[in-house]
Structures are given as structure tokens and as C-alpha cells.
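Step one of this worksheet: look at the structure below.
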Amino acid sequence: MAKIAFILLCHKDPAGVIAQAQQLTAAGDFIAIHFDARAAKADFRAIKEALEENPNVTFSKRRIKCGWGEWSLVQATLYALEAAVEAFPRASHFYMVSGDCMSIKSARYAHDFLDADDKDYIESFDYFESDWIKTGWKEERLIYRHFFNERQQKWLFYKCFEAQRALGLARSVPDDLQVQIGSQWWCLRRRTVEWVLDFTRERRDVMRFFKTTWIPDETFFQTIVRHVVPDREIECRPLTFLLFTDYGMPMTFYNDHYELLLRQDFLFARKISPDATELKARLGALYVDDAAEFQVSDEGRNLFQFLSKRGRIGRRFAPRFWETESSLGRNRELMIIACKKWHVAKRLLKRIAAETDVATIAYLFNENDVALPDLGGIQKTLDKRMRHRRALMRMLFEHHDTERLVVCLDPASIELLDDFYADRSTTKLLELECEFSDDYLRGHAQRVGLAGADTSDDTMKTLLPTIRYDVTFESEQINDRGYPNHFKFAQDQSTQKNADALAAFLGIPVADAAKIPETEHLFVD
């Protein structure tokens with residue numbers, strides 16, 4: 001009979017980790033845990049103390065700090081795999097899970113399923129030929145070296161990439177590898193895991209290559225497994241049920257999705273809401289229920305795609321099965337002020353709020369300390385706001401009980417502009433064109449870390465033309481997009497023209513708009 005060693009990477013919620021480990025080992029399976037070294041020592045100590053008497057639990061011998069998109073996630077997985085292989089000689093399969101995963105079948109069902117077919121379950125498609133990557137970088141993930149964390153060191157990440165591209169430092173993929181891509185939620189046989197670990201020790205060249213690729217947890221195991229295992233022994237699918245919107249946001253499951261989850265042709269599901277305590281309790285009890293029977297209909301994915309494409313709220317299941325709508329709302333109007341000088345845009349925004357009844361919010365995607373209401377946590381960090389941008393904006397419309405909202409964006413946020421203009425709502429853009437003195441650009445260079453207070457005048461003279469070009473380039477990018485409802489409000493433009501632009505942008509009479517450009521010291525640095 002199959003015996004599963006679960007590979008758990010986690011970084012929070014020690015009580016949840018303990019409960020998950022106890023549930024998964026209750027039927028005789030095993031678990032190897034890597035708890036992120038960034039987490040509190042007290043949390044890790046609590047987990048070890050609670051599980052130290054459980055012979056079916058082991059821990060990675062090394063804990064490292066993990067970051068999204070980094071090699072560290074793969075390395076942590078390898079450490080956990082090594083610990084599991086050593087500690088659990090009876091384990092026949094190794095199954096990757098996260099703290100948000102839970103079983104949606106019984107242990108008996110899972111064991112019978114794995115015994116029925118001697119295969120590895122891992123999603124792996126040809127990296128360059130498939131359309132697994134829908135948007136964004138593709139070959140750039142591999143042919144350039146990525147040394148910095150894209151979320152925590154964004155400026156360094158992209159500057160390093162741009163420098164390599166400018167200097168022609170692209171590299172080749174190792175000759176004997178056909179790079180694959182797919183979900184990181186795999187289930188591999190013991191023999192396969194041992195082959196992969198042997199490969200990591202023998203092929204240091206491949207290890208060096210993957211260590212500087214971007215998001216290697218979607219490519220490393222997928223590539224190596226295909227390299228060491230015959231295709232006929234690989235089932236190109238995960239055994240974990242997960243869904244994403246077209247925007248890339250993962251679906252979250254709640255208490256009222258129990259019956260839906262059990263009908264899917266998968267062994268686990270992700271992501272289970274932390275608040276779904278009833279669902280967690282029922283799924284935990286189910287895992288050790290040897291008598292449980294399952295009627296698999298597997299309609300979840302098709303149902304999700306059908307209702308998402310129609311832009312409707314699901315009626316058959318709870319609306320929270322996915323986002324209520326992927327759009328801000330057909331009848332809503334999002335008005336965006338794009339300006340490099342944030343203080344100028346804020347002055348204009350303040351005057352708009354004083355002269356009209358339109359709700360206004362400053363640089364919510366650029367400044368972390370913008371005052372926002374509590375929206376369930378997605379407003380807390382810039383990273384979350386960016387990832388959940390449409391959900392965030394929709395909730396802000398609802399919070400202000402309005403159909404019209406004005407926000408400020410940095411002109412560099414072209415991705416956001418593209419996304420909002422693609423929405424079914426009406427999007428308008430007011431571009432504030434300011435004059436940029438050398439003194440201002442020098443201060444800007446210091447604010448963004450390109451220069452310091454002690455940077456020499458000669459260096460600044462070399463740097464200023466490049467910074468000025470970058471600012472100009474951002475405006476050119478916006479113009480090249482050809483956005484509809486694009487208006488210009490310029491420092492060197494007449495008050496009347498600026499009033500006309502504001503009136504069209506805000507949808508108010510020109511006479512009312514005429515007061516706003518007269519704001520005292522509007523363009524003063």
C-alpha cells in the first residue's frame with residue numbers, strides 16, 4: 001500500500017501547522033516540515049515541541065529564509081525532501097503541500113489512487129512552446145541572471161535585468177535540458193525523488209543555472225523529473241485542486257464548499273480560508289474515515305470558467321467561490337491622475353475634493369501609508385494592493401458608496417493603466433505635465449536611491465540627462481498606448497485649456513472646473 005510523505009513549506013500559523021501535521025499523520029502517513037527561517041523562533045519552537053513525540057514527523061535539517069520567486073523556495077523543498085527520504089524509508093510517494101492545502105478525500109482513497117497507477121503526478125509543459133505563461137516575461141526568466149527579490153528589492157531586480165540586457169549578457173539553457181513549466185504542487189514516487197536528489201549532487205552546472213532563474217519552483221522539478229523519468233510514467237497534472245482568475249488571483253474555499261470539493265477528481269485542494277473552521281474540521285475527519293465513498297463529477301473547473309466568462313455571480317454555490325466579479329462594474333467611472341510630481345497631484349486632488357462631490361484617493365499603489373479603510377487585509381501592503389488591484393478598487397467604490405472615484409498613479413505604473421483600461425468600467429486619464437528643473441531631478445535621484453547627499457556634481461551631471469529621459473519616456477509610453485478619454489493638464493498650458501481638460505475629465509461644467517487650475521502654488525516644488 002502507498003505511504004505518503006508530505007513535504008510542507010510554511011512560514012506562519014504554528015497552531016495550523018500542528019493541526020495539519022497531526023491530521024495528515026493520523027492515518028499512518030508522514031510529513032517533513034520546513035518552517036521559514038524568517039518566522040519567529042518562538043513559533044518554530046512551539047511546532048517542534050508539539051510534534052516531537054510524533055514518529056511520523058520530521059523537520060528539515062536546515063532552515064532558510066524564503067522569498068517568492070527565489071531559488072530559496074526550491075532549496076527549502078530539497079532540504080525537506082532529503083529529511084523525508086532519510087527519516088521515512090517506508091514512504092512510497094512524496095506530496096508537496098502548503099499550509100493552505102487540505103485533503104478532500106480519505107487517506108484510503110488517496111492510497112488506493114496512488115497504488116492503481118505507478119506514475120508521477122506533476123504538471124510539466126514545454127517552457128518555450130506551451131502557453132502556460134499567459135503574460136509577462138518568458139525567456140527573460142531563464143536567459144538572464146536574477147540575484148534580487150522582485151517584491152522586496154524591485155529597483156535592484158529590474159536594474160540588474162536592464163544592465164544585463166544592455167550589455168548582451170544573455171546565457172544559454174544547458175544543452176541537454178528541455179525546460180518545462182507547471183504547477184509546483186506535485187506528487188512523486190520515491191524512486192523519482194531519489195533520482196532527482198542524485199541529479200542535484202551530480203549536475204552542479206544545472207544547479208548553478210536554476211539558482212539564478214526567476215520563479216524556479218515552476219520550472220526546476222518540472223524539468224528535472226522529465227529529464228530523469230520516461231514520459232510514459234508521468235501524468236501531466238497536479239493532484240491538488242486549485243483555480244485562478246484570468247487576473248491570476250487564487251480562489252479561496254469556504255465552509256459552504258465541502259460538497260463541491262469532494263466531487264473533484266483531486267486528492268487535495270488549495271486554498272482553504274483560514275476562517276473556514278467548519279470546513280477544516282470536516283475535511284480533517286474525512287481523511288481518517290476509511291468507509292467514506294466519493295462520487296466524482298469534477299465539474300468545478302468548468303463551472304468556474306463558465307460563470308467567470310459570463311461575468312455573473314454564481315448561484316449554485318456561495319458567491320465567494322471566486323471573486324463576485326472580475327470587473328470594477330460596468331456603470332462605474334475610474335478617473336486616474338498620472339503625475340511624476342506626487343505633491344502636485346495631491347494638491348490638485350485636494351482641490352478637486354473641495355470643489356466637487358467626487359471621492360478621491362492619493363497614490364494608493366505607490367505609497368504604503370495612504371489612508372485606506374479596512375478592506376479585509378488586502379489594503380495593508382503595496383504588494384497586496386497590486387496583486388488584488390481590481391478587488392481593491394471595487395471594494396473602495398463600495399466603501400465610498402459611489403460610482404465615480406479619482407485616484408493618483410505614478411506615470412511609471414503603465415501595467416496598472418493597461419489593466420484598468422481593459423476593464424468594463426469607464427476609465428479616464430488626466431496626465432499632469434510638469435516642468436522638471438535640474439534641482440528637482442537631483443532631489444528625485446536621491447529619493448529613489450540613484451544618488452546620495454554626497455554624490456559629486458560630475459556624477460550628477462552624467463546622471464541627470466538619463467533621469468530626464470526616463471521621465472520623458474514614461475509620458476511617451478502613455479501617449480503611445482492611445483488610451484481613450486486621455487486629457488492633459490500642463491504647467492505651460494493656459495488656465496482655460498486646463499479648465500477644459502478638467503471639465504471633460506471630471507464630467508463637470510467648465511465654469512465649475514475653472515476654479516481648480518487657479519489653485520495657489522499648484523506647480524511649486
Side-chain angles (χ1 to χ4, degrees), residues 1-67 72-103 105-108 110-111 114 184-190 193-194 196-197 200 217 240 267-268 270-272 274 276-277 279-290:
M1 176 187 283
K3 286 284 187 180
I4 305 171
F6 294 98
I7 307 301
L8 172 62
L9 266 57
C10 47
H11 64 281
K12 61 181 180 180
D13 188 16
V17 172
I18 294 167
Q20 187 176 22
Q22 291 172 336
Q23 176 230 317
L24 292 178
T25 58
D29 289 316
F30 314 102
I31 191 166
I33 301 171
H34 179 279
F35 196 68
D36 198 326
R38 295 183 189 275
K41 293 181 179 178
D43 287 349
F44 182 58
R45 187 164 54 250
I47 294 170
K48 289 209 72 172
E49 290 175 355
L51 299 174
E52 63 182 354
E53 299 299 324
N54 189 330
N56 289 7
V57 176
T58 192
F59 294 86
S60 298
K61 293 181 179 178
R62 288 190 60 188
R63 291 173 60 213
I64 59 174
K65 297 178 180 179
C66 297
S72 54
L73 287 174
V74 177
Q75 186 62 73
T77 306
L78 290 171
Y79 285 147
L81 275 173
E82 289 170 348
V85 168
E86 180 180 338
F88 309 127
R90 294 170 55 217
S92 61
H93 293 77
F94 297 77
Y95 196 127
M96 185 79 178
V97 293
S98 75
D100 295 324
C101 295
M102 284 204 73
S103 59
K105 298 290 188 295
S106 65
R108 179 191 60 78
H111 296 155
L114 295 175
Q184 62 269 54
W185 310 109
W186 38 254
C187 178
L188 304 177
R189 297 166 297 174
R190 184 180 194 90
V193 167
E194 290 172 345
V196 169
L197 292 177
T200 65
D217 56 326
T240 298
L267 303 184
F268 277 70
R270 178 179 194 277
K271 304 172 63 168
I272 307 298
T277 53
L279 177 62
K280 289 182 176 182
R282 295 179 74 183
L283 291 177
L286 178 70
Y287 192 69
V288 294
D289 184 359
D290 286 346

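Ser92 contributes a side-chain N or O that, together with a main-chain N or O of Lys3, makes up a donor-acceptor pair within less than 3.5 Å. Put simply, the side chain of Asp217 never gets that close to the backbone of Val74: no donor and acceptor are under 3.5 Å apart. Within the 3.5 Å criterion, the main-chain N or O of Arg90 finds no donor-acceptor partner in the side chain of Arg190. Between the Ser72 side chain and the Gly67 main chain, a donor and an acceptor come within less than 3.5 Å of each other.
With Met96 as the partner, the side chain to side chain contact (heavy atoms under 4.5 Å, CB included) test is satisfied by one option alone out of Phe6, Phe268, Trp185: Trp185.
The nearest pair of heavy atoms linking Asp29 to Ala107 is OD2-CB, 4.4 Å. Residues Ala84 and Phe94 approach most closely at CB-CE2, 3.7 Å, considering heavy atoms. Heavy-atom minimum distance, Ala110 versus Ile4: CB-CD1, 4.3 Å. Taking all atoms of both residues into account, the shortest heavy-atom contact from Asp289 to Ser106 is O-CB, 3.4 Å. Asp290 approaches Arg108 most closely through the heavy-atom pair O-NE, 2.6 Å. Looking at every heavy atom in both residues, Lys12 comes nearest to Val17 through O-CG2, 3.6 Å.
To the nearest 0.5 Å, atoms CG (Leu9) and OH (Tyr79) are separated by 12.5 Å. Met102 contributes atom CE, which lies 7.5 Å from atom CG of Leu24 (distance to the nearest 0.5 angstrom). One distance of note links CD1 of Ile31 with CG of Leu51; it measures 8.5 Å at 0.5 Å rounding. Once rounded to the nearest 0.5 Å, the distance linking CD1 of Ile272 with OG of Ser103 reads 9.0 Å. How far CD of Glu49 is from CD1 of Ile18: 9.0 Å, rounded to the nearest 0.5 Å. With rounding to the nearest 0.5 angstrom, the OG1 atom of Thr200 is 6.5 Å from the CD atom of Glu82.
Looking only at atom types and distance, the side chain of Thr25 has a donor-acceptor partner in the side chain of Asn54 under 3.5 Å away.
Annotation: cation-pi geometry satisfied between Lys48 and Phe59 (NZ/CZ under 6.0 angstrom from ring centroid, within 45° of ring axis).
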Using the side chain to side chain contact (heavy atoms under 4.5 Å, CB included) rule, take Leu197 and Leu78 through it: C-alpha gap first, then chi angles, then the decisive distance, then the call. CA-CA 8 Å; Leu197 292 177; Leu78 290 171; 4.0 Å; yes
One pair to check against side chain to side chain contact (heavy atoms under 4.5 Å, CB included): Leu8 and Ile33. What are the steps and the verdict? CA-CA 5 Å; Leu8 172 62; Ile33 301 171; 4.2 Å; yes
Apply side chain to side chain contact (heavy atoms under 4.5 Å, CB included) to His34 and Ile64, showing your working. CA-CA 8 Å; His34 179 279; Ile64 59 174; 3.7 Å; yes
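Considering only heavy atoms from C-beta on, Ser98 stays 4.5 Å or farther from Lys271 through its side chain.
Shown here are the side chain to side chain contact (heavy atoms under 4.5 Å, CB included) partners of Asp36, two or more places apart in sequence or in another chain: His11, Arg38, Lys65, Cys66.
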